[in-house]
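Some notes on the structure that comes next.
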2 protein chains.
Amino acid sequence: MEAMPKISESEWEIMKIVWKENPLTAEQIAHKLPEGMGWSDQTVRTFINRLVKKKALGYEKSGRSYLYSPLISEKECVRAESRSFLNRVFNGAAGLMMTNFLEETPLSDQEIERLQRILTEKQGKGSQDASRPKP
Amino acid sequence: MEAMPKISESEWEIMKIVWKENPLTAEQIAHKLPEGMGWSDQTVRTFINRLVKKKALGYEKSGRSYLYSPLISEKECVRAESRSFLNRVFNGAAGLMMTNFLEETPLSDQEIERLQRILTEKQGKGSQDASRPKP
DNA sequence: GTTTAACTATTACAAATGTAAATATAACGG
DNA sequence: CCGTTATATTTACATTTGTAATAGTTAAAC
């Protein structure tokens, strides 16, 4: 798992785009950025370069430009970032965090049902006891 | 709501302590920090000072030292940080985020039940339709 | 082939952050 | 009162981040 590189806020914007679809040229990435972003082309390229340096993006030459692709998985990054957030803000208490989110966030009935289904599924599975002997 | 100051990772450690109990002297804060932290006394004082500069902490003189107290509420900070995280990592999709957490996090049956209770309570309340006329 | 237009790479620079040392200050002990 | 010492304030410095401008390179066009 190679110690996830630390992805900054701006770099996340780039990564989200490249995860969704790849490979992409720098220009394509710049164009797919959300409107309000307002970054100059050079800024975008700087972020891309930093991500390459961090081994978060890889590239291959194609014509006059490079095609960038992710070298680290979105799942891993989301997991790492989530853990960091959880520790920073909730001292690692996932239950507390979720309670908090549930209380603060408006959810559609559909979403509520989906979450409930997931919870019910989890229920029997005894995931609270991680120390069982392997069969 | 005064545009929450941005609290850095290290600064969060300080704030969490002062929120839990206050007022505290710099020394007390330093002592209450988690073991593994390994910050020098001066480092802790630097963080405290930055938090004062950011108006996150206030102080009052007492004998030879200051007593620090939070000027911003934990709730507000948690909310701000949560929103930032949600946007950065999940593009603001709270439902997706929660699904993800539920799937990845081991929870005790107790916690599961608590979350289910909260969800059930939310269910009728139609929080997905925020545009109802006030009674 | 040489110019040029598009890309990349290098460099810049200020603010924030992590980490502290050095210096000033003031209160407490005697 | 005066020194000692605990505190606070100032200063330091490297790294990361946000935000580019400028310089270098190379494929494409002619």
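Residue numbers begin at 1 in each chain, while the letters A, B, ... track the order of the sequences.
- For A:W12 and D:dT16, the CH2 to P distance is 19 Å, given to the nearest whole Å.
- Summarising the geometry, atom CG belonging to A:N22 is positioned 9.5 Å from atom CE belonging to A:M15; distances are rounded to the nearest 0.5 Å.
- Side chains of A:E60 and A:S69: no donor on one and acceptor on the other come within 3.5 Å.
- The OH atom of B:Y59 sits 10 Å away from the P atom of D:dA8 (whole-angstrom rounding).
- Using the six-membered ring where Trp is involved, B:Y59 and B:Y66 have ring planes that are parallel, under 30° apart on the 30 and 60° scheme.
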Quick one: do B:Q28 and B:I17 satisfy side chain to side chain contact (heavy atoms under 4.5 Å, CB included)? Show the steps, please.
CA-CA 10 Å; B:Q28 291 174 316; B:I17 288 174; over 6 Å; no

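- Computed from coordinates, the B:I48 CD1 to D:dA8 P distance equals 8 Å when rounded to whole Å.
- Between A:Q28 atom CD and C:dT8 atom P the separation is 11 Å, expressed in whole Å.
- The distance between atom CG of B:D41 and atom C1' of C:dA22, rounded to the nearest whole Å, is 15 Å.
- When the side-chain nitrogen and oxygen atoms of A:Y66 are compared with OP1 and OP2 of D:dA27, none of them lie within a distance under 4.0 Å.
- As rounded to whole Å, 13 Å separates atom C1' of D:dA8 from atom CD1 of B:I29.
- Nucleotide D:dA8 holds its P atom 13 Å from the CD atom of B:E60, rounded to whole Å.
- Here the side chains of A:I29 and A:I48 are in contact, with some heavy-atom distance below 4.5 Å.
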Is there any protein nitrogen or oxygen under 3.5 Å from a nitrogen or oxygen in nucleotides 25-30 of chain C, and what are the pairs?
none

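- Donor-acceptor pairing under 3.5 Å is lacking for the side chains of A:T46 and A:R50.
- Residue-level contact check: B:N49 touches the bases, meaning some heavy atom is under 4.0 Å from a base atom.
- Of the residues B:E27, B:E13, B:E21, the one that meets the salt bridge (charged side-chain N to carboxylate O under 4.0 Å, His left out) test with B:K32 is B:E21.
- No hydrogens or angles considered: nothing links the side chains of A:T99 and B:E111 as a donor-acceptor pair under 3.5 Å.
- Between A:C77 and A:W19, the shortest heavy-atom distance links the atoms CB-CH2, 3.4 Å.
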Enumerate all atom pairs, one protein N or O and one N or O from nucleotides 17-20 of chain D, separated by less than 3.5 Å.
| from | atom 1 | to | atom 2 | distance (Å) |
| --- | --- | --- | --- | --- |
| D:dT17 | OP2 | A:K54 | NZ | 2.8 |
| D:dG18 | OP1 | A:S10 | N | 3.4 |
| D:dG18 | OP1 | A:S10 | OG | 3.2 |
| D:dG18 | OP2 | A:S8 | OG | 2.6 |
| D:dG18 | OP2 | A:S10 | OG | 3.1 |
| D:dG18 | O5' | A:S10 | OG | 3.3 |
| D:dG18 | N7 | A:R50 | NH1 | 2.8 |
| D:dG18 | N7 | A:R50 | NH2 | 3.3 |
| D:dG18 | O6 | A:R50 | NH2 | 2.9 |
| D:dT19 | OP2 | A:W39 | NE1 | 3.2 |
| D:dT19 | O4 | A:R50 | NH2 | 3.1 |
| D:dA20 | O5' | A:T43 | OG1 | 2.8 |
| D:dA20 | N7 | A:T46 | OG1 | 2.9 |
| D:dA20 | N6 | A:T46 | OG1 | 2.8 |

